[in-house]
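Below, all heavy atoms of this structure are taken into account, side chains as well, without hydrogens, waters or symmetry copies.
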Amino acid sequence: MTNVLIVGATQGTGRELAAAYLRDGANVVITGRDATRAETVAHELTAEAAKAWEAARTSPAVLGRPPALTTSEGRPSPGEATGLALDLSRPETVAAALAPVERLDRLVLAGMVRDRNTLAGFDIAAAGTLAVTKIVGYTAVVSALVERLAPEAAVLLFGGGAKDYPYPGSTTLTAVNAAVTGMVRTLSTELAPVRVNAIHPGPIGDSPFWQDREELSGTLATFRAQTLTGELGRMVDVVDACRFLLENRLANGIDLPLDGGHP
């Protein structure tokens with residue numbers, strides 16, 4: 001049985017990645033800042049996985065998704081999700097929050113704080129929260145769990161496309177996502193043979209952040225026009241890339257941009 005922890009998985013891509021692992025029979029711990037929400041989403045994910053697995057018994061694919069992995073014992077049963085409260089912006093609380101987590105095969109750090117912080121009105125507190133969340137918070141999670149990572153485990157850090165393609169207001173976000181690159185280099189060395197990779201998605205068109213926000217439609221159109229493919233990513237695209245980085249045994253020390261390409 002594979003054990004997975006996804007930090008920041010109550011919505012969006014983190015939630016979709018948790019769902020994929022549950023359909024494959026893994027047990028998944030998800031975290032969010034609010035305990036009640038994390039537990040509610042965990043119950044939803046467990047029920048959805050059971051429903052998808054039941055449908056997959058008579059169909060090779062469910063809603064366009066690949067079927068669960070097949071093992072020597074046959075197709076596994078769906079996994080079970082557990083929800084925990086974890087606030088990356090308070091790294092001093094991380095170790096205690098993760099005390100219930102046991103042996104881990106996959107660790108995903110997807111938690112984030114959105115920040116559009118221009119120099120004209122620079123918010124020092126907001127910038128500090130973002131920097132602490134990703135740089136200190138991510139590292140605090142790995143440090144707290146280092147003794148519980150299996151030798152063949154894999155760790156995945158989420159950065160973002162602003163690392164390479166900044167925009168007005170992204171100074172702190174660009175710097176923090178660039179720091180994720182440095183973290184991959186150091187952690188992959190210090191944690192070896194545990195594998196460590198990072199993924200840097202561009203804007204994700206079907207992310208909940210963009211839904212029903214007409215005022216942002218022009219921004220999305222601009223992002224789309226800037227890509228070589230003329231397309232925005234979807235959450236399923238990011239999940240697919242995450243699974244490659246987490247499951248391919250030679251994928252290590254990779255800093256993967258996922259944005260459709262830019263001129």
Exercise for review: For the pair Ser207 (side chain) and Gly12 (backbone), establish whether a donor and an acceptor sit closer than 3.5 Å, ignoring hydrogens and angles.
Suggested key: no
Review point. Mind checking what makes salt bridge (Lys or Arg N to Asp or Glu O under 4.0 Å) contact with Glu152, not counting sequence neighbours?
Key: Arg103
Review point. Any ion pair linking Arg234 and Asp240 (charged N to carboxylate O, less than 4.0 Å)?
Key: no
**Study point:** Check ion pair Arg185-Asp255 (N to O, under 4.0 angstrom)
**Key:** no
Review point. Taking atom CG of Asp24 and atom OG1 of Thr2, what is their separation to the nearest 0.5 Å?
Key: 8.5 Å
If you look only at distance, which donor and acceptor atoms sit under 3.5 Å apart when one is on a side chain in residues 137-146 and the other is two or more places apart or in another chain?
| residue | atom | partner | partner atom | Å |
| --- | --- | --- | --- | --- |
| Tyr138 | OH | Leu109 | O | 3.1 |
| Tyr138 | OH | Gly111 | O | 2.7 |
| Thr139 | OG1 | Ile135 | O | 2.7 |

Check your understanding: Less than 4.0 Å between a side-chain N and a carboxylate O, is that true for Glu48 and Arg15?
Key -> yes
Exercise for review: Please determine if Arg116 forms a cation-pi arrangement with Tyr167, meaning its NZ or CZ atom is less than 6.0 Å from the six-membered ring centre and no more than 45° off the ring axis.
Suggested key: no
Review point. When you look at CZ of Arg33, are more than 12 heavy atoms from neighbouring residues, nucleotides or ligands closer to it than 6.0 Å?
Key: no
Review point. Should Leu88 and Val101 be counted in the same cluster of Ile, Leu, Val, Met, Phe, Trp and Tyr side chains packed under 4.5 Å apart?
Key: yes
Check your understanding: Should Ile254 and Phe158 be counted in the same cluster of Ile, Leu, Val, Met, Phe, Trp and Tyr side chains packed under 4.5 Å apart?
Key -> yes
Practice item. Taking Asp259 for its side chain and Pro201 for its backbone only, find out whether a donor-acceptor pair lies under 3.5 Å. Key: no
**Study point:** Those residues that, when tested against Arg106, pass salt bridge (Lys or Arg N to Asp or Glu O under 4.0 Å) (two or more places apart)
**Key:** Glu247
